There are 2 protein chains.
Amino acid sequence: MHTSRAKGKQCFLVLRQQQFNVQALVFVNDKTVSKQMVKFAANITKESIIDVEGVVQKVAQPVESCTQRDVELHVERVFVVSASAPQLPLQLDDAARPEHDEEDASRPRVNQDTRLDNRIIDLRTTTNQAVYRVVAGVCDLFRATLTGKGFVEIHTPKIISAASEGGANVFTVSYFKNNAYLAQSPQLYKQMAIAADFEKVFTVGAVFRAEDSNTHRHLTEFVGLDLEMAFNYHYHEVLDVIGDMFVCIFKGLRDRYKTEINTIQKQFPSEPFRFLEPSLRLEFPEAVAMLREAGVEIGDEDDLSTPDEKLLGKLVKAKYDTDFFILDKFPLAVRPFYTMPDPNNPKYANSYDMYMRGEEILSGAQRIHDPEFLTERAKAHEIDIEKIKSYIDSFRYGCPPHGGGGIGMERVVMLYLGLNNIRKTSMFPRDPKRLTP
Amino acid sequence: MHTSRAKGKQCFLVLRQQQFNVQALVFVNDKTVSKQMVKFAANITKESIIDVEGVVQKVAQPVESCTQRDVELHVERVFVVSASAPQLPLQLDDAARPEHDEEDASRPRVNQDTRLDNRIIDLRTTTNQAVYRVVAGVCDLFRATLTGKGFVEIHTPKIISAASEGGANVFTVSYFKNNAYLAQSPQLYKQMAIAADFEKVFTVGAVFRAEDSNTHRHLTEFVGLDLEMAFNYHYHEVLDVIGDMFVCIFKGLRDRYKTEINTIQKQFPSEPFRFLEPSLRLEFPEAVAMLREAGVEIGDEDDLSTPDEKLLGKLVKAKYDTDFFILDKFPLAVRPFYTMPDPNNPKYANSYDMYMRGEEILSGAQRIHDPEFLTERAKAHEIDIEKIKSYIDSFRYGCPPHGGGGIGMERVVMLYLGLNNIRKTSMFPRDPKRLTP
């Protein structure tokens with residue numbers, strides 16, 4: 001029961017179920033509804049779970065405040081299944097109010113921490129009911145698209161014996177009498193699956209980063225949408241697959257989640273997400289030229305800063321009318337040791353990021369699949385070969401050329417919907433300061 | 001390249017791709033193939049990745065040793081893409097041999113640890129290629145069935161602030177300056193999603209158990225297939241959904257994974273998995289009676305031991321011809337504090353396990369959704385109320401009656417296929433003694 005309002009011999013209820021609500025009316029009549037019953041209905045606390053029996057009636061005037069506008073329910077019986085405490089820690093109407101509405105500026109809002117501290121109530125807003133259906137949609141579209149392209153779903157271990165990326169930003173776990181670590185990415189395991197002849201694999205699962213970043217876009221635990229594939233002639237086969245996959249996700253959301261997106265837009269308005277088909281692909285030097293033209297000082301082999309990315313997103317949107325693009329051929333110097341250099345220009349790498357609304361949502365590359373060359377590149381990065389021996393050894397028994405990438409699921413949803421904080425797309429977010437609920 | 005065998009002026013290759021293989025022939029001719037080329041082909045190390053160009057030819061006699069029996073490939077050109085080291089740590093033919101074959105008893109087998117130590121090679125057997133496609137199939141069928149029934153997929157945190165089940169068997173994580181834990185189940189979060197009005201939810205993800213159990217069926221990290229749903233009248237609505245879901249999984253495997261199952265049967269023969277539609281549902285006292293009739297001494301309110309479960313599975317199979325059944329109404333005394341007692345008989349609970357081939361694969365129950373009653377039951381179990389305050393508080397703002405269960409994915413695949421070790425269905429298994437690869 002979303003709200004109730006008694007008025008003389010009648011009581012108006014709003015009944016809510018997930019994304020939808022309907023008006024219900026309890027009024028005294030000769031047959032089933034007594035004065036006491038109206039009083040009983042009026043005294044039910046907001047947010048209680050109730051069962052009602054009644055008759056659905058057409059209404060003369062549309063009920064503007066409900067999603068079911070053409071009907072109301074004339075209640076004959078009402079049962080309280082589970083009563084809510086009378087004092088709620090936050091009001092749903094406050095939680096559902098647009099954040100920036102000048103006309104309505106004086107009315108209360110609910111801040112992010114209060115929402116998260118009382119997540120089970122905050123999640124009841126129609127907006128959140130819609131957001132987490134979009135989350136489910138992104139995962140479903142990711143899997144369905146890749147399964148359709150011949151990928152096999154795999155599961156990779158989260159507890160690992162050695163810190164994969166050199167030990168920084170990794171959580172340590174007590175594992176019986178030893179230490180272990182939480183995987184920062186499934187990359188090694190995806191690559192092992194490719195070396196094990198699975199050809200094309202994806203995995204959806206928790207990824208952990210012990211990074212003390214308190215920003216709108218970092219979580220310490222998030223859902224990784226990861227894929228890896230062998231290719232035949234050129235790593236652009238991988239880019240084609242990933243680009244297509246994003247187009248399938250964007251189209252699927254647009255076509256199948258219209259109701260949800262409209263609901264979310266009411267509380268969090270944003271420009272509709274624009275994309276091209278096929279996806280726009282730029283090379284790193286083009287991005288550098290666009291940034292320089294806009295006044296940014298940047299070296300040929302510098303990495304992009306977060307503000308650079310944001311600006312580049314705006315420039316690309318203005319020039320190409322797309323909120324999604326692929327940036328290929330990153331400078332080799334700014335990518336990890338296992339990244340395949342560009343055979344035609346050793347300053348650059350067969351390595352790419354992808355962006356939505358100017359924020360990175362995927363990082364990937366062709367990986368080196370030759371153990372000798374991998375050793376050479378690790379040495380050039382001054383990495384202790386002994387510590388990555390098992391990684392290098394994975395490629396000693398034949399491994400096809402391959403590439404892939406990892407996607408932050410919550411970022412994709414946040415940016416697709418134009419939301420301003422990743423905590424809005426993680427049901428129970430984890431950051432350096434939050435471990436509950 | 002699976003194998004090569006040179007013989008005079010020709011060389012026979014077997015080329016393997018995932019579950020399939022084909023014979024290829026390199027023989028000296030006037031046009032494209034020289035003696036040197038035959039020699040080159042003969043010297044390619046087994047398990048190398050090669051590209052070949054050639055002509056597909058019908059064969060007069062079926063090629064018994066390959067999956068492609070009616071054709072062979074007459075090779076014109078061959079390129080080594082990635083050469084394997086000449087010494088393999090295990091031979092694929094040995095790894096692919098049936099474990100119990102008396103005629104063939106003298107030939108080498110590969111033991112479980114050698115397989116796992118060299119997993120990327122072991123996974124290349126056609127059997128393993130098939131097993132991990134069945135793994136993907138179970139997850140896909142689980143999700144598709146529940147999505148079809150109106151469930152929403154959610155993601156629950158793996159890092160949690162307090163050990164959910166009282167602190168036993170939980171891994172500790174260093175979380176910045178504090179300690180955290182790895183979730184032993186998503187149960188609390190599934191229940192919070194129900195309290196948050198999502199009505200029916202499922203989640204697929206890693207589950208962690210710091211249990212020092214070195215058995216054929218325990219892992220320290222496994223994939224949990226979890227679901228939770230609100231119901232209207234009776235918790236048997238939940239049992240109906242779960243029973244149906246298993247039927248959909250079993251049928252889906254039988255109908256869509258025939259090739260894979262046949263491949264696996266060649267190495268690991270087992271009786272085909274039998275199931276009933278609708279699923280068989282027994283009550284605990286019936287199981288006790290069947291066990292007593294078979295000579296087992298067991299009290300009315302005793303839990304079932306592992307041997308009891310195994311025997312019960314045999315008795316049920318003999319009587320009802322099914323490898324899957326639901327055992328409802330466990331004694332309240334052997335179930336956790338949050339389990340709803342049977343309102344008609346307080347000795348029993350609205351709680352159930354499900355079995356495949358006599359091993360438990362799901363445990364579940366109706367959960368108590370009333371905070372006062374939950375407090376009372378926790379006290380009866382001598383649980384410190386302060387420590388579970390936030391759990392109890394989740395139910396203070398209205399929560400529908402609900403129930404659900406958690407399924408061990410690897411167990412389902414192991415038992416469906418009649419395999420003897422859960423390490424055969426976990427791509428990179430974790431147990432108390434194994435953290436690598």
Side-chain angles (χ1 to χ4, degrees), chain A residues 18 47-49 81-85 88 119-121 123-124 129 132-133 136 139-140 147 152-161 171-176 180 182 189 192 195-199 205-206 212 220-221 223 369-370 390 394 396-401 427-428 430 432 435-437, chain B residues 18 47-49 81-85 88 119-121 123-124 129 132-133 136 139-140 147 152-161 171-176 180 182 189 192 195-199 205-206 212 220-221 223 369-370 390 394 396-401 427-428 430 432 435-437:
Chain A
Q18 307 186 324
E47 294 301 311
S48 295
I49 307 290
V81 175
S82 170
S84 171
L88 296 172
R119 193 60 156 159
I120 58 154
I121 299 176
L123 288 172
R124 292 177 187 180
Q129 290 290 321
Y132 290 94
R133 283 172 171 78
C139 295
D140 189 43
T147 301
V152 178
E153 182 181 15
I154 63 168
H155 302 278
T156 65
K158 312 307 170 213
I159 304 181
I160 57 175
S161 63
F171 289 114
T172 306
V173 185
S174 300
Y175 196 77
F176 301 100
L182 291 182
Y189 293 94
M192 288 175 71
D197 204 18
F198 280 90
E199 205 167 285
D212 198 1
T220 52
E221 177 181 340
V223 176
H369 63 282
D370 179 83
S390 72
S394 314
R396 294 207 185 279
Y397 305 104
C399 180
M427 196 176 257
F428 302 104
R430 294 292 178 256
L435 260 178
T436 55
Chain B
Q18 307 189 323
E47 294 302 311
S48 295
I49 307 290
V81 176
S82 170
S84 173
L88 295 172
R119 194 60 157 160
I120 60 153
I121 300 175
L123 287 172
R124 294 178 186 180
Q129 291 289 321
Y132 290 94
R133 282 171 172 77
C139 296
D140 190 42
T147 301
V152 178
E153 182 180 16
I154 62 169
H155 302 279
T156 66
K158 311 306 171 215
I159 305 181
I160 56 175
S161 62
F171 289 114
T172 305
V173 185
S174 300
Y175 196 78
F176 301 98
L182 291 181
Y189 293 95
M192 286 174 73
D197 204 17
F198 280 89
E199 203 167 290
D212 198 2
T220 52
E221 178 182 339
V223 176
H369 63 282
D370 178 84
S390 72
S394 313
R396 294 207 186 277
Y397 304 105
C399 180
M427 195 174 258
F428 302 104
R430 295 293 178 256
L435 259 178
T436 55

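Residue numbers begin at 1 in each chain, while the letters A, B, ... track the order of the sequences. As the structure is a prediction and not an experimental result, all values here were calculated from the model.
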request  = Against chain B, work out which of A:Arg430, A:Glu199, A:His369 has the most heavy-atom pairs shorter than 4.5 Å and name it.
outcome  = A:Arg430
remark   = Looking only at B:Pro401, B:Gly205, B:Pro437, B:Ser394, most heavy-atom pairs under 4.5 Å shared with chain A are made by B:Pro437
Greatest number of heavy atom pairs closer than 4.5 Å to chain B - which of A:Asp212, A:Ile49, A:Asp197 = A:Asp197
ask   = What part of B:Met192 gets closer than 4.5 Å to chain A, counting heavy atoms only: side chain, backbone, both or neither?
value = both
ask   = Given that the side chain runs from C-beta out, which part of A:Ile159 has a heavy atom under 4.5 Å from chain B: side chain, backbone, both or neither?
value = both
task = Give, as side chain, backbone, both or neither, the part of B:Ile154 having an atom under 4.5 angstrom from any heavy atom of chain A.
result = side chain
request  = List the atom of B:Ala85, the atom of A:Tyr397, and the distance in Å for their closest heavy-atom pair.
outcome  = CB-CE2, 3.8 Å
ask   = What is the ring orientation for A:Phe171 with B:Phe176, classed by angle as parallel under 30°, tilted 30 to 60°, or perpendicular over 60°?
value = perpendicular
task = Pick one of side chain, backbone, both or neither for B:Ser390, based on which atoms fall under 4.5 Å of a heavy atom in chain A.
result = neither
inquiry  = Counting heavy-atom pairs closer than 4.5 Å to chain B, which one of A:Ser48, A:Ala180, A:Ser174 comes out on top?
reply    = A:Ser174
request  = Work out which heavy atom in A:Phe198 is nearest to a heavy atom in B:Gln18; give both atom names and the distance.
outcome  = O-NE2, 2.9 Å
key: Heavy-atom pairs under 4.5 Å with chain A, option from B:Cys399, B:Ala136, B:Ala206 with the top count   = B:Cys399
task = Heavy-atom distances under 4.5 Å only: say whether B:Ala83 touches chain A with side chain, backbone, both or neither.
result = backbone
remark   = Closest non-hydrogen atoms of B:Gly398 and A:Ser82, given as atom of the first, atom of the second and distance, are CA-OG, 3.5 Å
query = B:Glu221 versus chain A, heavy atoms under 4.5 Å apart: side chain, backbone, both or neither?
reply = side chain
task = Below 4.5 Å from any heavy atom of chain B, which atoms of A:Val223 appear? Answer side chain, backbone, both or neither.
result = side chain
inquiry  = So which atom in B:Thr436 and which in A:Ser161 form the shortest heavy-atom distance, rounded to 0.1 Å?
reply    = CG2-OG, 3.1 Å
key: Among the listed options A:Val173, A:Thr156, A:Asp370, A:Asp140, the residue most often paired with chain B at heavy-atom distances under 4.5 Å   = A:Val173
request  = Please tell me if the side chains of B:Arg396 and A:Ser84 come closer than 4.5 Å, counting only heavy atoms from C-beta onward.
outcome  = no
For chain B, the option from A:Gln129, A:His155, A:Met427, A:Arg119 that forms the most heavy-atom pairs under 4.5 Å = A:Gln129
query = Out of B:Arg124, B:Glu153, B:Glu47, which one racks up the most heavy-atom pairs below 4.5 Å with chain A?
reply = B:Arg124
